[in-house]
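Down below is the structure, laid out as structure tokens.
Numbers restart at 1 for each chain; the letters A, B, ... are given by sequence-line order, proteins then strands. Model, not experiment: these values are computed from the prediction. Worth knowing before you read on, the calculation uses all heavy atoms, side chains too, and leaves out hydrogens, waters and symmetry mates.
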Amino acid sequence: MPIKIHNTLSNKKEIFTPQRENKVSMYVCGVTPYDEVHLGHARAYVVFDIVKRHLLKRGYDVNHIQNFTDVDDKIIKRANEKNIPSAQLAQTYIDDYFAQMDKLNILKAKKYPRVTEMIPEIISFIQQLIDKGFAYETNGDVYYSVDKFKEYGKLSKRNTEDLKAGARVGVCDEKHCAFDFALWKKSKSGEPADVSWDSPWGKGRPGWHIECSVMSSKILGDTIDIHGGGQDLIFPHHENEIAQSEAKTGKPFVKYWIHNGFVTINKEKMSKSLNNFFTLKSIFYKYNPRVVRYYLLTQHYSSPLDFSDSGLESAKSALQGLDDAYLRLSSVAKIPAAEVTDEDLIAIKNAFLDSLDDDFNSEKALSYLHELKNMILNEIFKSPETRLTQLKKLFEEFCEESLGISLPKNDSSDEDLQNLLNERNAVRIAKNWPEADRLRKAIDEKGYKIVDNPDGTSVLTKKI
RNA sequence: GGUGCGGUACCCAAGUGGUAAGGGAGCAGUCUGCAAAACUGUUAUUCGCCGGUUCAAUUCCGGCCCGCACCUCCA
């Protein structure tokens with residue numbers, strides 16, 4: 001079964017065929033590091049992590065690039081307020097990005113290019129657009145002339161007439177057309193020198209949209225297989241990227257556009273102006289990152305995902321059930337991992353992977369994971385160990401390879417814990433119930449719970 | 001005004017032209033020293049509303065109602 005991807009450009013589900021066999025070039029728009037990463041970032045990068053993991057699972061070599069927009073109005077403003085260089089502010093939040101994404105178990109991109117490392121390439125790109133007549137310089141600023149690019153609007157399904165009807169874009173005297181966007185912005189008086197570069201048009205800095213066109217073509221070539229980002233980037237950011245790149249090269253910029261839906265709060269978009277904003281740091285204070293990751297997978301990537309405590313609690317319970325089943329299985333399936341050869345397991349594995357082939361349907365994949373969990377619980381004291389080992393291997397493949405959900409390890413190395421458990425089992429045999437209950441409570445207070453098996457043994461599972 | 005997405009049980013949610021996956025929660029029971037976990041049963045004759053096509057529609061078509069997003073920086 002081939003991989004199918006819903007392509008924003010065609011607005012259809014298409015069979016995925018990359019330009020080169022077994023190789024995929026993938027560019028995902030990164031963050032502007034002017035503040036701590038939030039839940040919306042988590043959603044986007046978990047979504048593209050699932051895309052990447054599945055492509056890897058299907059044997060593709062994925063060249064994944066993600067940028068940092070480390071020059072930007074907001075960065076300059078914040079840095080100015082804190083009286084530190086922009087680069088320092090950006091680095092602080094880039095560090096935060098990696099710290100939080102690591103907790104979410106996001107695979108690293110091959111490269112994380114930054115705007116400040118690409119200034120010569122950006123200037124050269126803009127100059128070519130001017131030379132080809134797609135851009136013009138006005139008083140130190142350079143603008144892209146939207147009217148010159150006939151296919152403008154093909155991604156966001158708008159035409160300039162529709163845009164004019166929206167009439168929320170102010171008319172600017174410097175621009176020929178109200179929808180023209182900046183490629184190069186002249187330095188304003190009072191702006192620090194560290195965010196100003198020499199150019200043929202005077203001192204200035206790049207506009208927001210040009211960087212992605214430049215970085216992707218420099219690292220991945222003129223046409224890339226997959227370009228991803230949040231739905232809010234479709235217009236104008238990605239529309240503008242197409243205009244820039246295709247005007248320059250005359251070739252298609254991107255084969256497959258993938259856009260993730262938003263995280264909402266009470267059905268409304270999470271935003272600072274609505275004051276319904278959650279940074280990952282604050283969420284991880286309350287919820288384990290594994291729970292957050294699981295929760296983000298419980299809805300198809302293109303739909304909005306409503307964030308709520310009840311939703312997180314539900315995810316937590318579901319994940320606890322998976323953990324418990326896995327740890328109990330681990331305590332009995334101890335021989336080295338076997339290849340999965342049983343026919344029913346191959347069938348469920350195929351069903352699981354097929355659902356990810358179908359536009360990365362993570363929720364459907366999770367349903368097969370739960371089906372597998374139920375098989376494990378049914379068989380745990382009935383099936384031979386060779387069978388249990390296969391179940392364990394498959395469970396690990398689903399969770400750790402495809403879904404990026406790390407699994408708990410048996411904590412038999414904790415001597416205190418083991419002693420408490422052994423003591424409890426001893427007093428249970430002696431029918432000393434008050435003491436057994438006291439020990440159970442002591443274990444509970446250490447963050448573990450006891451699962452008493454029907455055969456008299458007990459397994460400790462860590463509470464999430 | 002333009003554009004796009006969606007409305008499935010108590011909650012979240014997948015899905016298909018042939019009669020509703022999964023998760024959470026609840027209830028009853030089994031098991032248990034008591035619990036927990038697990039197991040069994042149970043909670044949508046029905047998929048926003050109204051028409052149409054069809055032997056058959058939640059799934060296709062048309063209309064309507066409602067919600068959300070984008071058109072300004074935003075994952």
Side-chain angles (χ1 to χ4, degrees), chain A residues 8 11 28-32 34-35 37-48 66 69 72-74 153 156-170 179 208 228-237 239 259-264 266-273 277 294-295 297-300 302-306 308 310-322 324-325 327-328 351 355 358 361-371 373-374 376-378 380-381 428 431-434 436-437 440-441 444 449-454 458-459 461 463:
Chain A
T8 310
N11 203 16
V28 179
C29 283
V31 297
T32 300
Y34 74 100
D35 204 347
V37 283
H38 55 71
L39 199 55
H41 296 123
R43 158 93 126 149
Y45 300 117
V46 166
V47 162
F48 290 103
Q66 189 171 310
T69 304
D72 167 87
D73 288 345
K74 289 187 285 287
S156 54
K157 319 284 184 283
R158 299 158 210 267
N159 55 52
T160 45
E161 293 307 310
D162 293 341
L163 292 172
K164 282 168 189 160
R168 281 215 259 162
V169 183
F179 313 107
W208 174 39
Q231 275 171 358
D232 53 338
L233 296 181
I234 295 172
F235 190 89
H237 185 53
E239 196 70 62
H259 292 97
N260 65 276
F262 286 115
V263 175
T264 61
N266 296 322
K267 309 285 182 193
E268 285 183 318
K269 181 177 170 178
M270 197 174 77
S271 74
K272 293 200 172 171
S273 54
F277 208 77
Y294 180 95
Y295 183 57
L297 298 178
T298 61
Q299 164 88 275
H300 186 80
S302 63
S303 302
L305 176 71
D306 204 47
S308 63
S310 65
L312 265 299
E313 289 297 338
S314 169
K316 185 177 169 180
S317 298
L319 188 59
Q320 182 78 63
L322 292 168
D324 292 355
L327 282 175
R328 293 179 73 194
S355 52
D358 186 13
N361 192 335
S362 57
E363 168 67 359
K364 197 170 181 185
L366 281 177
S367 78
Y368 290 111
L369 174 63
H370 282 283
E371 211 167 282
K373 177 202 72 176
N374 291 332
I376 288 168
L377 292 171
N378 277 318
I380 196 161
F381 292 108
R428 277 173 79 211
K431 296 192 192 300
N432 182 353
W433 309 128
D437 289 349
R440 183 166 65 198
K441 199 171 172 219
D444 182 82
K449 56 182 186 145
I450 296 173
V451 176
D452 289 331
N453 288 325
S458 301
V459 177
T461 65
K463 290 191 287 186

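The pair Arg428(A)-Asp452(A) meets the salt-bridge criterion, since a charged nitrogen lies less than 4.0 angstrom from a carboxylate oxygen. For Lys441(A) and Asp444(A), the salt-bridge test fails: no basic side-chain N is under 4.0 Å from an acidic carboxylate O.
Of the two residues contacting RNA chain B, namely Ala436(A) and Glu363(A), the nearest-nucleotide position lying further toward the 5' end is that of Glu363(A).
Among the atoms of the strands shown, none is found under 4.0 Å from any heavy atom of Asp324(A). Nucleic acid contact class of Ser310(A) (heavy atoms, under 4.0 Å, all strands): none. Among the heavy atoms of the strands lying under 4.0 Å from Asp452(A) is at least one base atom, whether or not backbone atoms are also near. Residue contacts shown for Asp73(A) are absent, as no nucleic acid heavy atom lies under 4.0 Å away. Within the 4.0 angstrom heavy-atom criterion, only backbone atoms of the sugar-phosphate kind lie near His300(A); the bases stay farther away. Across all strands, Gly261(A) comes closer than 4.0 Å to base atoms (heavy-atom distances). Within 4.0 Å (heavy atoms only), Thr461(A) reaches no atom of the nucleic acid at all. Nucleic acid contact class of Gly230(A) (heavy atoms, under 4.0 Å, all strands): sugar-phosphate only. Contacts of Val459(A) with the nucleic acid, taken as non-hydrogen atoms under 4.0 Å apart, are absent. If you check every strand for non-hydrogen atoms under 4.0 Å, Lys431(A) touches nothing. Leu377(A) comes within contact range of the sugar-phosphate backbone alone, with a heavy-atom separation under 4.0 Å but no base atom that close. Among the atoms of the strands shown, only primed sugar atoms or phosphate atoms (P, OP1, OP2) are found under 4.0 Å from some heavy atom of Gly229(A). Among the protein residues, Phe262(A) comes within range of the nucleic acid bases, having at least one heavy atom under 4.0 Å from a base atom.
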Close N/O contacts between protein and nucleotides 7-10 of chain B (under 3.5 Å):
none

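The backbone N or O of Lys463(A) sits nowhere less than 3.5 Å from a side-chain atom of Gln320(A) that would complete a donor-acceptor pair. His370(A) places no side-chain N or O within donor-acceptor distance of the main-chain N or O of Ser367(A), the cut-off being under 3.5 Å. Of the possible donor and acceptor atoms, one in the side chain of Glu239(A) sits under 3.5 Å from a partner among the backbone N and O of Ser156(A). Judged by distance alone, with hydrogens and angles left aside, the side-chain atoms of Thr461(A) form no donor-acceptor pair with the main-chain N or O of Asp324(A) at under 3.5 Å.
The phosphate of A75(B) (OP1 or OP2) has a side-chain N or O of His41(A) nearer than 4.0 angstrom. Distances shown here put a side-chain N or O of Gln299(A) below 4.0 Å from the OP1 or OP2 atom of A14(B). The side chain of Thr32(A) places no N or O atom within less than 4.0 Å of a non-bridging phosphate oxygen (OP1 or OP2) of C73(B). The side chain of Asn453(A) places no N or O atom within less than 4.0 Å of a non-bridging phosphate oxygen (OP1 or OP2) of U32(B).
Closest to the side chain of Arg158(A), from the set A37(B), C71(B), A75(B), is C71(B). Between A75(B), A38(B), G33(B), one nucleotide has an atom nearer to the side chain of Asp437(A) than all others, and that is G33(B). Of the candidates C73(B), C71(B), C34(B), the closest approach to any side-chain atom of Lys74(A) belongs to C73(B). Among C34(B), G23(B), A75(B), the nucleotide with an atom closest to any side-chain atom of Asn374(A) is G23(B). Taking every side-chain heavy atom of Asn361(A) into account, G15(B) is the closest of A37(B), G15(B), G4(B). Checking C71(B), C5(B), G23(B) against the side-chain heavy atoms of Phe235(A) singles out C71(B) as nearest. Nearest to the side chain of Asn260(A), among C70(B), G24(B), A75(B), sits A75(B).
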Can you give the dot-bracket line for RNA chain B, where a pair is Watson-Crick or G-U wobble with both atom distances under 3.5 Å, crossing pairs use [ ], and | marks a partner on another strand?
(((((((..(((.....[...)))((((((.......))))))....(((((..]....))))))))))))....
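Spacing of C1' atoms, A13(B) relative to C47(B), comes out at 13 Å, to the nearest Å. Nucleotides G52(B) and C10(B), compared at atom P, are 29 Å apart to the nearest Å. Comparing G29(B) with A36(B), their P atoms sit 13 Å apart, to the nearest whole Å. Spacing of P atoms, G15(B) relative to G51(B), comes out at 28 Å, to the nearest Å. The P atoms of C49(B) and C66(B) are separated by 15 Å, rounded to the nearest whole Å.
Among residues two or more places apart in sequence or in another chain, the side-chain hydrogen bond (donor to acceptor under 3.5 Å, both in side chains) test is passed with Asp306(A) by Thr264(A).
Between the side chain of Arg440(A) and the base of A35(B) there is at least one donor-acceptor pair of N/O atoms closer than 3.5 Å. Residue Arg428(A) places no side-chain atom within donor-acceptor reach of the base of C34(B), judged by atom type and a 3.5 Å distance cut-off alone.
Note that OH of Tyr295(A) is 8.5 Å distant from CG of Leu39(A), once rounded to the nearest 0.5 Å.
The distance from atom CD of Glu313(A) to atom C1' of C11(B) is 13 Å, rounded to the nearest whole Å.
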